[in-house]
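Structure first, then comments.
Proteins get letters first, then strands, A, B, ... in listed order; numbering begins at 1 in each.
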Number of protein chains: 2
Amino acid sequence: MRKEKAECEKCVNENCFIKKHIHNAEMKNYIEQKHTILCKKSQQFIIEGAPVHGLYFIYKGKAKIVKTGINGREQIVRLTKNGDAIGFRGFGTSKKYLIGAYAIEESILCNFSTETLMKMLQNIPEITFDLMLFYAEELNKSENNVRKIAHMSVRERVIDTLLYILRKFGQTDGYLNIELSRKEISDFAGTTEEQVIRVISSLKKDALIKAKGKQLGILKVEKLQKEILEHKYLFK
Amino acid sequence: MRKEKAECEKCVNENCFIKKHIHNAEMKNYIEQKHTILCKKSQQFIIEGAPVHGLYFIYKGKAKIVKTGINGREQIVRLTKNGDAIGFRGFGTSKKYLIGAYAIEESILCNFSTETLMKMLQNIPEITFDLMLFYAEELNKSENNVRKIAHMSVRERVIDTLLYILRKFGQTDGYLNIELSRKEISDFAGTTEEQVIRVISSLKKDALIKAKGKQLGILKVEKLQKEILEHKYLFK
DNA sequence: ATAAATTCCTGCGTTTTGACGGATTTTATC
DNA sequence: GATAAAATCCGTCAAAACGCAGGAATTTAT
């Protein structure tokens, strides 16, 4: 699974908060201790239930973060790309943090062990601060997600998911820069594969999106946004 | 709205992470700058959309944290009690953090302004660390909540909510130590008032809970837990 | 290039959920 | 303690969502 080390100095992910503090004198030691991991497509690199081995960063690639359990269904709680952090949800407490992570495409990951990370956080408060802000923002997103799944219809949730993917991964040549199966979209939107298929078919008919197998392209961003926003502020 | 200052030295909330660091020499200055706020029942003290004024702690009382928007419905994202932290979701970024907060019963709150908080976090890294862990745990809970609302039936969600309330607030003399309306329970469980009423009626019939108006008492914890767990690990 | 496997799609019946209306009970206020 | 207001409760109905089954299309492996 390992390969030659991905070098932070040459890394292009400016949003990574290791990269952000690379000029700190102490960082050199910690960076030397990181591991580089090569993941094949759909390979699982964090297993639910097993202790999480520190913090991962995506050097290059894409990954999905999932929770399983209820009725064997899977919930994708987050999609990640270059520079994003994955894993580590606190230590000391005996609680288990049940998340799983899969590479969506071939990806290169950087891993800092819990020990290395702990030292880093103790000695470089700025990183602790950044991590704190990161979790605060993720918490906010997650709470928005709760509301979305609780209040929106299936159609709205699928549209919202497509727009989110567009914002996060972008489009080139008219198609989204990530290939998710209908099942994966449903696992993210909190519904079933069939429903996603139906909504996508319907959106195709209305010429709001186009689809060529797994490749999806958003055609009318504004119209899709409008369909969600309409309901958002409609107080009966 | 203000009253005499709630004194940290005399505070009994050992889970509060201000209290935890009270022996730090610098803390004295920051504690002097905090404001004490008295909230009446159902009074709103954080308004959605308005900038959040730093960090609040519940000195005594209970509060609900909500998000509104979609179809005018309300989603309770968190219930809080003595010692819990509320508010503050990062600064610097121009993003708005849309949360609202209401006192569920008469409550005394401690408020640290963003400025005071910022100084505290810069000068006492241990507090930043604790806040980071706090958000990491809340994120985990929120992600579990996403899965719960996405995968559980209405009945299961209501049972899960009741068991959560039992764990968080406890029971005395056979009744839960918090009074929520059916509407509030539905806002937390992500369903409607009517559904909650039906589930509660049904649970009463089965003698799993008892109800005297708003006062609810859990009678058969194990049976209720079992009803949820059964489905959790049932892979078809 | 071909076979196998996976993914995608559609129709249809069933279940679940949510919305409305109105009666009853509880709670709040003076 | 009387009155008003709010919350609870129940029945009915329609819409939404789901699950299954069978076939088409696409992707992956050999």
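As rounded to whole Å, 10 Å separates atom C1' of dT16(C) from atom CZ of Arg157(B). We find that CD of Gln195(B) is positioned 15 Å from P of dT8(D), with the value rounded to whole Å. The separation between Ile200(B) atom CD1 and dC10(D) atom C1' is 14 Å, rounded to whole Å. Atoms CE (Met152(A)) and P (dA16(D)) sit 16 Å apart, rounded to a whole Å. In this structure, the CD1 atom of Ile197(B) is 15 Å from the C1' atom of dT17(C), given to the nearest Å. What separates CD of Glu194(B) from P of dA7(D) is a distance of 14 Å, to the nearest Å. Atom CD of Glu193(A) is separated from atom P of dC20(D) by 13 Å (rounded to the nearest Å). If you take CG of Leu180(A) and P of dT6(C), they are 19 Å apart, rounded to a whole angstrom.
Of all the residues in residues 201-210 of chain B, Ser201(B), Lys204(B) reach under 4.0 Å from DNA chain D with at least one non-hydrogen atom.
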List the protein contact pattern of nucleotides 24-30 of chain C with one symbol per nucleotide (5' to 3'): B for base contact, S for sugar-phosphate-only contact, - for none; contact means a heavy-atom distance under 4.0 Å.
---SS--

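Proximity of Arg182(A) to the phosphate of dT7(C): no side-chain N or O atom is located under 4.0 Å from OP1 or OP2. Residue Thr191(A) has a polar side-chain atom (N or O) positioned under 4.0 Å from OP1 or OP2 of dC18(D).
Annotation: of the two residues near DNA chain D, Arg198(B) and Lys183(B), the 5′-most nearest-nucleotide partner is Lys183(B). The nearest heavy atom of DNA chain D to Ser181(B) and to Thr192(A) marks one nucleotide each, and the one closer to the 5' end goes with Ser181(B).
Side-chain contact between Val146(A) and Ser142(B) is present, with heavy atoms from C-beta onward closer than 4.5 Å. The side-chain heavy atoms of Val66(B) and Tyr102(B), taken from C-beta on, include a pair separated by under 4.5 Å.
Axis orientation changes by 70° from one end of the helix from dA1(C)-dT30(D) to dC30(C)-dG1(D) to the other, with each end axis drawn from 5 pairs and the value rounded to 10°.
Taking 4.0 Å as the cut-off between side-chain N and carboxylate O, Arg78(A) and Glu138(A) count as a salt-bridged pair. Looking at Lys212(A) and Asp173(A), no side-chain N of the basic residue comes within less than 4.0 Å of a carboxylate O on the acidic one, giving no salt bridge. A salt bridge is defined here as a Lys NZ or Arg NE, NH1 or NH2 lying under 4.0 Å from an Asp or Glu carboxylate O, and Arg182(A) with Glu194(A) fails to meet this definition.
Lys67(A) and Asn144(B) share a side-chain donor-acceptor pair at under 3.5 Å. With hydrogens and angles left out, the side-chain atoms of Thr68(B) and Glu48(B) include a donor and acceptor closer than 3.5 Å.
With Glu105(A) as the fixed residue, the salt bridge (charged side-chain N to carboxylate O under 4.0 Å, His left out) test singles out one of Lys81(A), Lys62(A), Lys41(A), Lys214(A): Lys62(A).
Geometrically, Lys210(B) engages Tyr175(B) in a cation-pi contact, judged by NZ or CZ lying under 6.0 Å from the ring centre and within 45° of the ring axis.
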